[in-house]
Visitor: 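Pasting in a structure now, in structure tokens, and then I'll have a few things to ask.
Residue numbers start from 1 in every chain, and the chains themselves are labelled A, B, ... in the order their sequence lines are given, proteins ahead of strands. Just the heavy atoms: all of them, side chains too, but no hydrogens, waters or symmetry mates, feed the values below.
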There are 2 protein chains.
Amino acid sequence: MLHEDVVGRIRAILLDGEITPGARIPERELCERLQISRTPLREALKVLAAEGLVQLLPHRGSRAAKLTDKDMRDLFEVCQGLEALAGELACERISDAEIGAIAAAHDEMVRHYREGDLIQYYRGNRAIHEAIVTAAGNPALTGLYASVTARIRRARYVTPMTPQRWALAVKEHEAILNALQRRDGAGLSHILRAHLRHKREEVLQAGFAETEASDLTLRIA
Amino acid sequence: MLHEDVVGRIRAILLDGEITPGARIPERELCERLQISRTPLREALKVLAAEGLVQLLPHRGSRAAKLTDKDMRDLFEVCQGLEALAGELACERISDAEIGAIAAAHDEMVRHYREGDLIQYYRGNRAIHEAIVTAAGNPALTGLYASVTARIRRARYVTPMTPQRWALAVKEHEAILNALQRRDGAGLSHILRAHLRHKREEVLQAGFAETEASDLTLRIA
DNA sequence: TTTTACATTTTTGAATGCAAAATTTGCGAT
DNA sequence: ATCGCAAATTTTGCATTCAAAAATGTAAAA
């Protein structure tokens, strides 16, 4: 009843950016806060280290994993590959109902775009990508995807979203939905790669930042 | 000095099949054998559970993860996707020296094929695939690939290797090397997918087995 | 003879304790 | 005043201990 939650709670703390990348993770403090002893906490930290969210230094405690630019590029590449694979598989297996749900989510996302609501747009965007991965019907793939996106998201970088980029992203999403509806696996795979590549370029251009999100910037994933 | 090894040693025990899939993992026994207390052992088991090699049942201990046919199919699909991605990236980044090393490994593998040495053939085969993934120069990808192949390998299934299949595999490997030498990413990606698909078909046709490897059968990965 | 209820044993999950390593602090010398 | 070194404190890693849950075994009743 204890250990299962602990991993999730610490993961949430890391993803929320409450402990910033590279910062030390104070065992005693977390123990008090979560009202647990060090044993389950340390077990959880080992698990998170295996996931790549935490870095364990022998006799020097654990830190929130600090990702370099190279690490981010690598993760984006893998994310791209996984999404491309998911897209192909999804086209073979997705049901009409699932396509309908994604189409609905897409329309809602486009509405948020028209309203200029970037936060809701990103939320919808993420939901669509996750739905495609889920539609692949491959739990192993879903798990790896979740792990990779978690690491990317944790990086807490910010990127300016220009009107041009935003318009391009929406356009690409139209193509994604279209390919999905035609169940064109190869096509979808191709579009997803381009889509992710564009996103990656934004991110790497922007670099990392510790600043909070302002009007036109937002951490994405 | 303790915990780092423990995960590796237990992983080795699982990969060697010393604890068969589905079997319970006796904590006390392993503690005595590894000469450690339960704390680091349990930490290691949690890590391996996160990797998918171990299954944790609340208040019922841990078991070596039992993979269903579906699980295997899923893992093969992911493996395919990762290798395809690795192939593309490798073609962009691989050095002439690395290509040379892979070509040498390939020639050696073909020699083992000609000699009918299946065990050495598989060893070489695996080395080549790993070299391609490494050549992608993406540690995140390498890590995920290692995790997926470990889970597949651990399944300890056997598959009969017919002369036809073997010949096809070698032929495909010729194509793989060729695409790599031409740095034809798209082509390599395509070939690797087909290659893995064939391998998967063998495996799923054969199903799982607990029997030991005989002359013409061998567990592969 | 079979089944069910209960007590015992075993095993798991978490807390605490202890030794070693690292960081911090304080003191003295230059 | 600053640098260096050593002692003290903190923190980490592992072992041990303790409580709770599950498995097992036994006995009694149908």
Visitor: Can you tell me which nucleotide in dA15(D), dG13(C), dG13(D) comes closest to the side chain of Arg38(B)?
Guide: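 Looking only at heavy atoms from C-beta outward on Arg38(B), the closest nucleotide is dG13(C).
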Visitor: Rounding to an integer number of Å, can you tell me how far Leu34(A) CG sits from dG13(C) P?
Guide: 19 Å
Visitor: Calculate the interatomic distance between Glu29(B) atom CD and dT12(C) atom C1'; express it in whole Å.
Guide: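 Distance check: Glu29(B) CD to dT12(C) C1' gives 16 Å.
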Visitor: Angle class for the His195(B)/His129(B) ring planes (parallel below 30°, perpendicular above 60°, tilted otherwise)?
Guide: parallel
Visitor: Let me know the distance between CG of Leu41(B) and C1' of dT12(C), rounded to the nearest Å.
Guide: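 Whole-Å distance recorded here is 12 Å.
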Visitor: What's the shortest heavy-atom distance between Ile19(B) and Ala23(B), and which atoms?
Guide: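 Distance-wise, the nearest heavy atoms are CG2-CB, 4.0 Å.
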Visitor: Check the pair Arg111(B), Glu108(B) against side-chain contact (heavy atoms from CB on, under 4.5 Å), reporting the backbone distance first and the verdict last.
Guide: CA-CA 5 Å; Arg111(B) 213 188 63 227; Glu108(B) 199 187 312; 3.7 Å; yes
Visitor: Once you apply a heavy-atom cut-off of 4.0 Å, does Leu57(A) come out as touching a base, just sugar-phosphate, or nothing?
Guide: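 It contacts sugar-phosphate atoms only.
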Visitor: Can you tell me how far P of dA14(C) sits from CG of Leu30(A), to the nearest Å?
Guide: 16 Å
Visitor: Any donor-acceptor pair under 3.5 Å between the side chain of Ser37(A) and the base of dA14(C)?
Guide: no
Visitor: If I take atom NE2 in residue His59(B) and atom P in nucleotide dA20(D), what distance separates them, rounded to the nearest angstrom?
Guide: 11 Å
Visitor: Nearest whole angstrom, please: distance from the P of dA14(C) to the CD of Glu43(A).
Guide: 7 Å
Visitor: For Glu32(B) and dC14(D), what is the distance between atoms CD and C1' respectively, to the nearest whole Å?
Guide: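 After rounding, the reported distance stands at 17 Å.
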Visitor: Could you tell me whether the phosphate oxygens of dT12(D), OP1 or OP2, come under 4.0 Å of any side-chain nitrogen or oxygen in Arg42(A)?
Guide: no
Visitor: I'd like a table of atom pairs between the protein and nucleotides 9-11 of chain C - only N or O on both sides, under 3.5 Å - with the distance next to each one.
Guide:
none

Visitor: Rounded to the nearest angstrom, tell me the gap between atom CD1 in Ile25(B) and atom P in dT12(C).
Guide: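 It works out to 10 Å between those atoms.
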Visitor: Which atoms form the tightest heavy-atom contact between Leu41(B) and Val6(B), and what is the distance?
Guide: CA-CG1, 4.4 Å
Visitor: Between Gln80(A) and Arg193(A), what is the shortest heavy-atom contact and its length?
Guide: NE2-O, 3.6 Å
Visitor: If you measure from the Lys or Arg side-chain nitrogens to the Asp or Glu carboxylate oxygens, is any gap between Arg126(A) and Glu130(A) under 4.0 Å?
Guide: yes
Visitor: What's the shortest heavy-atom distance between Ala86(B) and Ala136(B), and which atoms?
Guide: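 Taking every non-hydrogen atom into account, O-CB, 3.7 Å.
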